[in-house]
Amino acid sequence: MGNVTGRHLLVLSSGEPWQEACLLAAGARSVWRVGHGRVESMHPRLVALTHLEANGLYAQGKLGPFDGVVSYNELQHEGFGK
C-alpha cells in the first residue's frame, strides 16, 4: 500500500470492512465504502454506502472526487457492469 496519509479514498467492497480499517489506521483523511450490504459505522472519517446510494449520489454529482480507489476481489466477482 502506498502513502494514503491525508487522502480521500473510495473502497469497492464486498465483505467485511477490513480494507477501510487499514486505510483509516494508515492515515487516510476519509474513506468512502461502496458495498452490497449496509454497514453501520460510527467512525467520523468513514462513509458507508450501498451501491444504490452511491449511484444516486453520483447522478447528483455528489460522489467524489477521490485520490484513489481500493478494491480486493470486488471487480473480479462483480465486473464493471454493476
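This structure is a prediction, so every number in the text was calculated from the model and none was measured.
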Does a side-chain heavy-atom distance below 4.5 Å link [X] with [Y]?
X   : Y   : answer
V4  : L9  : yes
L46 : R33 : yes
R29 : R45 : no
T50 : H36 : no
V11 : Y72 : no

Q. Taking atom CZ of R7 as the centre, does the number of heavy atoms from other residues, nucleotides or ligands within less than 6.0 Å exceed 12?
A.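 Result for CZ/R7: open.
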
Q. Among L12, V34, L10, which residue meets the side chain to side chain contact (heavy atoms under 4.5 Å, CB included) test with S71?
A.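 Going through L12, V34, L10 one by one, the side chain to side chain contact (heavy atoms under 4.5 Å, CB included) with S71 is satisfied by L12 alone.
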
Q: Any chance you could measure S13, atom OG, to Q19, atom CD, to the nearest 0.5 Å?
A: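 Nearest 0.5 Å value for the OG-CD distance: 5.0 Å.
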
Q. With the 4.5 Å side-chain cut-off for hydrophobic clustering, are V39 and V47 part of the same group?
A.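 Hydrophobic grouping puts V39 apart from V47.
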
**Q.** Derivation of the side-chain contact (heavy atoms from CB on, under 4.5 Å) call for W18 and L23
**A.** CA-CA 9 Å; W18 64 271; L23 294 168; over 6 Å; no

Q: Quick one: list whatever passes side chain to side chain donor-acceptor pair (under 3.5 Å) with H8, sequence neighbours left out.
A: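 Expected list: S30.
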
Q) Is R38 paired with E53 through a side-chain N to carboxylate O contact shorter than 4.0 Å? A)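 Salt bridge flag = yes for R38 with E53.
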
